[in-house]
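We count ligands from 1, going down the list as the structure has it; atoms in each ligand are counted the same way. Only this structure's heavy atoms are used, side chains among them; waters, hydrogens and symmetry mates stay out.
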Amino acid sequence: MEYIRLLYSVLLLAIAGLAQTPAREPKPELPTQSPVPLLQNVFHRHTISLNGDWHTIIDSHDTGAGRRYYLNANPATSSGVVEYDFSASPTLRVPGDWNSQRPELLLYEGTVWYENSFSYHPSANTRTFFYAGAANYRAHVWVNGESLCEHEGGFTPFNCDATSLLKEGENFVVISVNDTRHSDDIPSLAPDWWNYGGLTRDVMLVEVPQTFIEDYSVQLERGSTGRIAGWVRLSGAAAAQESASQKTAARKITITIRIPELKISQEASADANGTAHFAFDAPKVQLWSPENPKLYGIEIASEADSVSDEIGFRSIEVRGLDILLNGKPVFLRGITMHEEAPNRPGRAHGDDDARVLLGWAKDLGCNFVRLAHYPYDEHMTRMADRMGLLVWSEIPVWQAIDWTNPKVLEKAKQQLTEMITRDRNRGSIILWSVTNESRATPERNAFTHELVTTARALDATRLITAATNQFKHPDQHSIVVDDPLIADLDVFGLNEYVGWYSGTAADLDNFSFTTPYNKPMIVSEFGGEAKAGTHGAASQRWTEEYQEEIYKHQLAALRKVPFLRGIAPWVLKDFRSPHRQLPGVQDGYNRKGLVSETGVRKKAFFVLQQFYRETAAQNTVGNK
Ligand code: GCB
């Protein structure tokens, strides 16, 4: 009897559930594909920009998929009830975060639907990819009402083959972007930065031939300063070779790599998978360095496709405690950054923001920037190539991550792979970083070990790093940096906030830094907060003088550390953070910037500048 009553109530609940699902909200169809391998160097391809004003609908209750916003229906001409109309809805600029474009979206976290109508003329024998430089955090793309693909991860690009969904004449793309935070995302729930949502980087269509150059790596061979090596991968090549071999005898596709300025032209044959490997001497190559950021025009051509790029050639390695750039020891005079626009609120994007932000780093006397805590816009890394700044690039495996969840590891690997794939030809990048400030547990160690292994498999030419805050104070005068993660790395970063989160700046005067690892260290963060224009005694927190005092003592102490090979204090510019709520001082900004959010330089800026002027001449901080 009990059993029958239970069955009856389950049945009633099921009927009630059905009744609540209106017939006009069917489940969205499954996406037709996952993003396909990234196209290398979209900027030098034939593209149709979709940047500009997109019509948008805020979907705080996530009903847009059920209401089929992706159909972009016209309420005036559709039969039935259509309760949305993109064409009459307000717009948001793309690229751009939504938070800084409308006051009511400053704190919004959830879904926004974007729509863009455009005319397009497909060409014969051409494949057309939809490409987004970044969509924070989850994106689902529809083309002309059909599901194209989904992507997760807010700081890396993705592309999907839209050829079969595009048509002659008027077309439309609808994208839902959702930036709700979850404990099993990368980053996780509470990073110390603003969760800027939206289509934050360039969006475009990319046209390529049927058999096209998908990806390539052109760099100095590991350990060499005069030999260039790499590979080119064709997509669709296997099929092309097969059909050719059916007609004639088996035929290899030839790839040509040219560097006109060096009078180099080399040929290589693609194997059955469409990959061609090459290596050749380039004895006259001028090496890229911060002092001489020489870029060479290169051209890669297959039978049907060609692409050009600008690449700087430099070597990077570690020998003992030294970081060698082009075979010579280098001291990294750095600053850490967030990707926030220099003179307006919001995420930075494009060349102009990159030029100003990196220009400030140059004014400081930097030869190095740590791009924390996620991969930046490709405009930024290309600008670093042009301006001559060495780069640390990292994925947002920041503090507390769900280390035991295999899906989270997959997400981290995916972001790492997308970061390295996009930027593998940027000479400026010398360091890939796999985590920032994670607690050393066996689960964390296993997770980061996998990431280091993945990074090395993807790129054997760069150094692998991470920022740790795992150190001990065995007594009042010493810091022992000890994190098992360091065993996996080439160079390790130390984040320490003596003078701000612990102790006083003067404590540093008698400090010794030691570590059981025989590896070069970069102090990847130190600092303290100051509100620009607030002055007082050096002992008064939040004043420019307090921050300046921290810098003076830190720099004096660090220059004595025998294994120090670089510094990147925290941080170039004040940045928005929900953690920072002190009224009248922070007002939603982390104030550890050397420059305020409106571009005002604080006193500590000039202390670091002076230090870098002195050390630039010596290329060391006198620690040897
Ligand atoms: C850190 C974190 C960074 C924070 C900074 C701070 O150690 O790596 O993301 O913003 O400290 O200001 O506390």
Enumerate, one pair per line, all nitrogen or oxygen atoms of ligand 1 lying under 3.5 Å from a protein nitrogen or oxygen, stating the separation to 0.1 Å; write 'none' if no such pair exists.
from: ligand 1; atom 1: 7 (O); to: E437; atom 2: OE1; distance (Å): 2.9
from: ligand 1; atom 1: 7 (O); to: E437; atom 2: OE2; distance (Å): 2.2
from: ligand 1; atom 1: 7 (O); to: E525; atom 2: OE1; distance (Å): 2.9
from: ligand 1; atom 1: 8 (O); to: N436; atom 2: ND2; distance (Å): 2.9
from: ligand 1; atom 1: 8 (O); to: E525; atom 2: OE1; distance (Å): 3.0
from: ligand 1; atom 1: 8 (O); to: E525; atom 2: OE2; distance (Å): 2.7
from: ligand 1; atom 1: 9 (O); to: H373; atom 2: NE2; distance (Å): 2.6
from: ligand 1; atom 1: 9 (O); to: W398; atom 2: NE1; distance (Å): 3.0
from: ligand 1; atom 1: 10 (O); to: D192; atom 2: OD2; distance (Å): 2.5
from: ligand 1; atom 1: 10 (O); to: W570; atom 2: NE1; distance (Å): 3.4
from: ligand 1; atom 1: 11 (O); to: Y497; atom 2: OH; distance (Å): 3.3
from: ligand 1; atom 1: 11 (O); to: E525; atom 2: OE1; distance (Å): 3.3
from: ligand 1; atom 1: 12 (O); to: W570; atom 2: NE1; distance (Å): 3.3
from: ligand 1; atom 1: 12 (O); to: N590; atom 2: ND2; distance (Å): 2.8
from: ligand 1; atom 1: 12 (O); to: K592; atom 2: NZ; distance (Å): 2.6
from: ligand 1; atom 1: 13 (O); to: Y501; atom 2: OH; distance (Å): 2.5
from: ligand 1; atom 1: 13 (O); to: R580; atom 2: NH2; distance (Å): 3.1
from: ligand 1; atom 1: 13 (O); to: K592; atom 2: NZ; distance (Å): 3.4

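Here the CG-CE distance, from D385 to M380, works out to 13.0 Å after rounding to the nearest 0.5 Å.
A perpendicular orientation is assigned to the rings of W542 and W500, their planes being inclined by more than 60° (bins at 30° and 60°).
Ring-centre distance between H373 and F155: not below the 6.0 Å cut-off. The six-membered or imidazole ring of W194 lies away from that of F575, with a centre-to-centre distance of 6.0 Å or more.
Sorted by first and then second residue, the pairs that involve residues 464-485 and meet salt bridge (Lys or Arg N to Asp or Glu O under 4.0 Å), not counting sequence neighbours, are R444-D483, K472-D482.
Here the options are R456, R319, R462, the test is salt bridge (Lys or Arg N to Asp or Glu O under 4.0 Å), and the partner is D490; only R456 passes.
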